[in-house]
Amino acid sequence: QPLSIDLDAFAPKKKPEKSGDAPALLFCGRLIEKKGIRDLIDGYEILTKTHPTARLIIIGEGPLQTWCEHRAYRTNGTIEVLGRQSHGTVRDHMGNTNIFVLPSCVSPDGDMEGTPTVLLEAQAMEIPVVSTRHADIPAIVEEGETGLLVNEHAPQELADALSTLIGNNALASQMGIAGRIKVRKEHDISQNIQLLEEAYDGLL
């Protein structure tokens, strides 16, 4: 049974019009090593050399929260570390973001991702994603179609991928639409429950 989500709960939202180059990037997850949060902030700082108005929202809590807050302090408010937030607040931030980013990696102690549900949720909301070629991520993010994938621990690659989407609104929009189509086709909870029920009926 594939990982499934409620598409009605993660429906696309019309984003407010923004003037100029002020892209909003969003990370949501535990602030731990395997989520690649260190690589994200390093990559973001590289990105701001060419996109100085980009801003990064970090939602989550964990052992690296204080480290994130210290790094955010150096960016004059362009990184916001919001800590733990409700599901509704997370969806609200997703509705206002341009790119969802999750640079997962193998942590120093060998810990690694499974299948990050949040990537499905972002794609369901027609948000292009930037992530890594790690664990099951390439199975749920179609590289070059619904998002861009980079190597682990590669902040420059991460910055370049983010810059590609920031600089090409048509590509970002196309990937967002393709992401919802993929999630609807493969990870729609209502559809997958029906398929599971049909499979059970066939066994009776």
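Because the structure is predicted, anything quoted here is derived from the model rather than measured.
- Counting only residues at least two apart or in different chains, salt bridge (Lys or Arg N to Asp or Glu O under 4.0 Å) contacts with residues 88-100 comprise Lys13-Asp92.
- Rounding to the nearest 0.5 Å places CD of Glu186 at 11.5 Å from CG of Leu3.
- Listed by chain and residue number, nothing satisfies the side chain to side chain donor-acceptor pair (under 3.5 Å) test with Thr117 (two or more places apart in sequence, or in another chain).
- Taken from CZ in Arg74 to CD in Glu69, the straight-line distance is 14.5 Å, to the nearest 0.5 Å.
- A distance-only check finds a donor-acceptor pair linking the side chain of Thr48 to the backbone of Glu45 [under 3.5 Å].
- Of the listed residues (Ser131, Ser107, Ser104), just one forms a side-chain hydrogen bond (donor to acceptor under 3.5 Å, both in side chains) with Glu113, and that residue is Ser104.
- Through side-chain heavy atoms spaced under 4.5 Å, either directly or across other Ile, Leu, Val, Met, Phe, Trp or Tyr residues, Ile32 is tied to no other residue.
- Checking side-chain atoms of Glu80 against main-chain N and O of Gly77 turns up no donor-acceptor pair under 3.5 Å.
- Of all heavy-atom pairs between Cys105 and His134, the closest is C-CE1, 3.3 Å.
- Using a 4.5 Å heavy-atom threshold, the side chains of Leu149 and Ile137 count as touching.
- Annotation for Ala135 and Gly114: closest pair CB-O, 3.7 Å, computed over non-hydrogen atoms.
- A heavy-atom distance below 4.5 Å is not found between the side chains of Lys35 and Pro103.
- Residue Thr146 is tested with Glu126, Gln123, Lys182 for a side-chain hydrogen bond (donor to acceptor under 3.5 Å, both in side chains); the sole match is Gln123.
- By the neighbour-count criterion of 12 heavy atoms within 6.0 Å, atom CZ of Arg133 is densely surrounded, having more than that number from other residues, nucleotides or ligands.
- Within the 3.5 Å criterion, the main-chain N or O of Ala139 finds no donor-acceptor partner in the side chain of Asp136.
- Taking CD1 of Ile57 as the start and CE of Met94 as the end, the distance is 13.0 Å to the nearest 0.5 Å.
- Val118 and Val90 fall within the same hydrophobic cluster, where Ile, Leu, Val, Met, Phe, Trp and Tyr residues are linked whenever their side-chain heavy atoms come under 4.5 Å apart, directly or through other members.
- A donor-acceptor pair is defined here as one N or O able to donate and one able to accept, closer than 3.5 Å; no such pair exists between the side chain of Thr89 and the backbone of Gln85.
- Asp111 contributes no side-chain N or O that, together with a main-chain N or O of Lys34, makes up a donor-acceptor pair within less than 3.5 Å.
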- Item | Intermediate values then yes/no, side-chain hydrogen bond (donor to acceptor under 3.5 Å, both in side chains), Thr132 and Glu152 | CA-CA 6 Å; Thr132 45; Glu152 297 178 34; 5.8 Å; no
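- Once rounded to the nearest 0.5 Å, the distance linking NE2 of His187 with OG of Ser4 reads 7.5 Å.
- Of the listed residues (Leu7, Val141, Val129, Ile5), just one forms a side-chain contact (heavy atoms from CB on, under 4.5 Å) with Leu120, and that residue is Ile5.
- Side chains of Asp109 and Glu33 form no contact here, defined as non-hydrogen atoms less than 4.5 Å apart.
- No donor-acceptor distance shorter than 3.5 angstrom exists from the side chain of Thr97 to the backbone of Phe100, with no hydrogens or angles considered.
- Note that CD1 of Ile166 is 12.0 Å distant from CG of Leu171, once rounded to the nearest 0.5 Å.
- When side chains are defined from C-beta on, Ile46 counts as touching Gln156, because their heavy atoms get closer than 4.5 Å.
- Note that CG of Leu148 is 11.0 Å distant from OG of Ser163, once rounded to the nearest 0.5 Å.
- The two residues Pro128 and Ala172 come nearest to each other via the heavy atoms CG-O, 3.6 Å.
- Within the 4.5 Å cutoff, no side-chain heavy atoms of Pro155 are placed close to those of Ile41.
- In this structure the side chain of Ile79 never reaches within 4.5 angstrom of the side chain of Arg55, judged on heavy atoms.
- Linking ILVMFWY side-chain heavy atoms closer than 4.5 Å, directly or via other members, places Leu82 and Phe27 in a single hydrophobic cluster.
- Nearest approach of Glu145 to Ala178, heavy atoms of both residues: O-CB, 3.5 Å.
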- Mind running side-chain contact (heavy atoms from CB on, under 4.5 Å) on Leu47 and Leu25 for me, showing each step along the way? CA-CA 11 Å; Leu47 175 71; Leu25 316 176; 3.7 Å; yes
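- In the hydrophobic cluster analysis, where Ile, Leu, Val, Met, Phe, Trp and Tyr join through side-chain heavy atoms closer than 4.5 angstrom, Leu64 is grouped apart from Met112.
- Ile37 pairs with exactly one of Ile58, Asp42, Val81, Leu102 by the side-chain contact (heavy atoms from CB on, under 4.5 Å) rule, that one being Ile58.
- If you check the side chains of Tyr44 and Thr75, you find no donor sitting under 3.5 Å from an acceptor.
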